[in-house]
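Notes follow the structure.
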Protein chains: 2
Amino acid sequence: MSDIGIKELARIAGVSTASVSRALSNPERVSKKMRDKVQAAAKRVGYQPNRLGASLRTSRSGNIVAIIPDISDTFNSGVIQSLERAAAERGYSVLFGDTQGIRERELVYGAMVRSRQADGIMVFSHRLPFTAEELQSENFKLPPLVNSCELADSPHIDTSNLPWVSIDNVQAGKDAVTHLIELGHQNIAVITGDIDSPSTLQRLEGYRQALHAAGIPYREENIFQGAYTLEAGVRITKQVLLAKHRPSAIFCMSDEMAMGCIATLKEHGFGVPEDISVVGFDDIRFAQYLSPPLTTIAQPVEAIGRTCANILIDLIEDVAEPESKHILPHKLVVRASTAAHK
Amino acid sequence: MSDIGIKELARIAGVSTASVSRALSNPERVSKKMRDKVQAAAKRVGYQPNRLGASLRTSRSGNIVAIIPDISDTFNSGVIQSLERAAAERGYSVLFGDTQGIRERELVYGAMVRSRQADGIMVFSHRLPFTAEELQSENFKLPPLVNSCELADSPHIDTSNLPWVSIDNVQAGKDAVTHLIELGHQNIAVITGDIDSPSTLQRLEGYRQALHAAGIPYREENIFQGAYTLEAGVRITKQVLLAKHRPSAIFCMSDEMAMGCIATLKEHGFGVPEDISVVGFDDIRFAQYLSPPLTTIAQPVEAIGRTCANILIDLIEDVAEPESKHILPHKLVVRASTAAHK
DNA sequence: TCTATATTGGAAAACGTTTACCATTAGTGT
DNA sequence: ACACTAATGGTAAACGTTTTCCAATATAGA
């Protein structure tokens, strides 16, 4: 395999290294004759360029790093899948960093563009992968970076100016809750995601707006603080059932939570939707196969991943304005987990 | 940020570049005084070594590439998560390649070690990411590579000698089916995974063995060829219901399939497990929250990912024998989706 | 104190590319 | 055939590290 470099190949083809490089990386900058000669030789000896050498020279690694709190979350893995595909189409590979929310690990991945292992950062967590110290340093320059939905404010930098792609979480939350209201529910609990996540805050705002629009009083005890996990759905649902004024409907801020929620409701003998309606969020591909099939807000997973990749790469290649924001469309999908209040 | 290199840092610290390199990368090879001086200077100016330079020199990228057919599959994403974590612990990053089973893309990722973007390959698909041509070339050298469960034979190379990590799929299949037999089921259907996947073939062999051990005749029409997806579970289950001698139990070779299977059974009015028992495979984290909670074979997801990472890295760093094989323990988890035959 | 040895630090080459700059050749119009 | 321009190809420097030598210095033994 392998061990032959551009010099050796140049010798074999009887041309200079410059010509080899051009013929392979910029074929149009070279005559057809040269191109053919070099490509033939390359093929013959099985030449494979060393990307490290090229990267060093061009200071372009061709990698982007994706910082994700939890890849095993179904919504995340869907986004990552389409991110990766879109990146690949443009010649980029994705280095992926599952951080489990551990600060230390975020920082490691955040440092990768400074160490030239990556050209840009895709942030799916709620904070920037840089230390306060770094952010404050006057010669700190933010690398190409886009965030998806979740980036919270930082005391040191105005994150609202960073490029992002997201759905309209406020409207989506409102849509979910409005659906319940239209079914006649008045006493609606909400199980939130991680309370420091902007998406949670926004969806909660949507909940508020829906209630307000319907003239239903907002009651603090209907807000149950959770996290975007199945287990949280299970745990918090038990608390919901303990409530003095038991709600007739629950808005779960993720489908995984809704799954845990429904399982728990059934376990305690509550019928869904006969006794309690449940609406989820995300429309993961399991949603329609739950029993009952889940009413939920569908996020455009594929489009989110693809858009993230494209904006980030545009940024890296300097063809995007640095503050591009993309709001993608969501959709309420009504299935069988919600029904009219009786 | 950043733009200062080792030369400049050496000048600032008043030492040579060699000393800087040693002080940072091999601190023990240098006096304490030197170490402190260099590290202090590095910190002061915010020096961050350029990994590309280092990689080029050492021809070690510090990356491994993971080739996965489908990251959004829950089992896969779990394995990848633990793979990534274990790799990170040893200082490696993972470049991840979701191929969707597309040959072209497998080849792209397979080429990454030749182009020095990665030091080793983790294969989760059923074929090697190299062309027949490459494999046959006499100067082809297999890069560090480990496969997990799924690698099929290749006409050009003896894949059985490659390092792998897996559970004992034959035994696991046998365990699942034996459980059904012990519940009194005689007419047991199986919905397989992708038929070209060794794990499917092995689990099927387990099915056969279980039947044989119980003296139950093996009937070809009880084998339903599927794929490891939710949708396949749905689609094939309909076929199962059409069978002349309708089975009283179904063994699904993945939990996602079982999910689709159960949803379909219920949709058609069959009770699980009253009418038909279902056993899955994987024990993804949703399994216990399905209704009914799923009886399944638990795979040690975390251990699989971790072991894969460690073997591969051992291979890269030359500390593993090149044919190491690891069989990890599985476990039958009995829940409510299986019941005695009546 | 002096020599023999161990430790430490430095100069420079190497890793495999790309590309700026220049020299050469081919192409065009007269 | 000639001058002028355009196209093409080559030489060599650069990218930022690590590491091989070797020289210098510290350490120890006598």
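Letters go in sequence order (proteins before strands), and every chain restarts at 1. Note that the structure is a prediction, hence the values are computed from the model and not measured.
Protein atom CG of Leu56(B) is 9 Å distant from nucleotide atom C1' of dA14(C), rounded to whole Å. For the pair Gln48(A) CD and dC15(C) P, the computed distance is 19 Å after rounding to whole Å. Summarising the geometry, the separation between NZ on Lys37(A) and C1' on dT8(D) is reported as 12 Å, rounded to the nearest angstrom. One atom, CG of Leu24(B), and another, P of dT18(D), lie 8 Å apart when rounded to the nearest Å. The nearest whole Å value for the distance from the CE atom in Met34(B) to the C1' atom in dA26(D) is 14 Å. When the P atom of dC15(C) is taken as reference, atom CD1 of Ile6(A) falls 14 Å away, rounded to whole Å. For the pair Lys33(B) NZ and dG9(C) C1', the computed distance is 12 Å after rounding to whole Å. Note: CG (Asn26(B)) to P (dT18(D)) measures 8 Å, nearest angstrom.
If you find the closest nucleotide of DNA chain C to Ser21(A) and to Thr17(B), the one lying nearer the 5' end belongs to Thr17(B). Take the nearest nucleotide of DNA chain D for Val20(B) and for Gly53(A): the residue whose nucleotide is more 5' is Gly53(A).
Contact annotation for Ala18(B): base contact, defined as any heavy-atom pair under 4.0 Å involving a base atom. At the heavy-atom level, Arg22(A) lies under 4.0 Å from base atoms of the strands shown.
The pair Arg127(B)-Glu150(B) does not meet the salt-bridge criterion, since no charged nitrogen lies less than 4.0 angstrom from a carboxylate oxygen. Classification of Arg105(B) and Glu84(A) as a salt-bridged pair holds, one side-chain N sitting under 4.0 Å from a carboxylate O. Using a 4.0 Å cut-off between charged side-chain N and carboxylate O, Glu133(B) and Lys43(A) make no salt bridge.
Contact annotation: side chain of Arg57(A) to base of dT17(C), donor-acceptor pair absent below 3.5 Å.
Using a 4.0 Å cut-off, some side-chain N or O of Ser19(A) falls inside it from OP1 or OP2 of dG10(D). At the phosphate of dG10(C), OP1 or OP2 sits under 4.0 Å from a side-chain N or O atom of Ser16(B). Between Tyr47(A) and dG16(C) there is no side-chain polar atom (N or O) within less than 4.0 angstrom of OP1 or OP2. Side-chain nitrogen and oxygen atoms of Ser25(B) include at least one within less than 4.0 Å of the OP1 or OP2 phosphate oxygen of dT18(D). OP1 or OP2 of dG9(C) lies within a sub-4.0 Å distance of a side-chain N or O belonging to Ser31(B).
The listed nucleotides are dG9(C), dT17(C), dC15(C); the one nearest the side chain of Pro49(A) is dT17(C).
Proximity of a side-chain donor or acceptor of Asn147(B) to a complementary backbone N or O of Val123(B) within less than 3.5 Å is not detected.
Summarising the geometry of Leu145(B) relative to Phe130(B), their closest heavy-atom pair is CD1-CE1, 3.9 Å, with the distance given to 0.1 Å.
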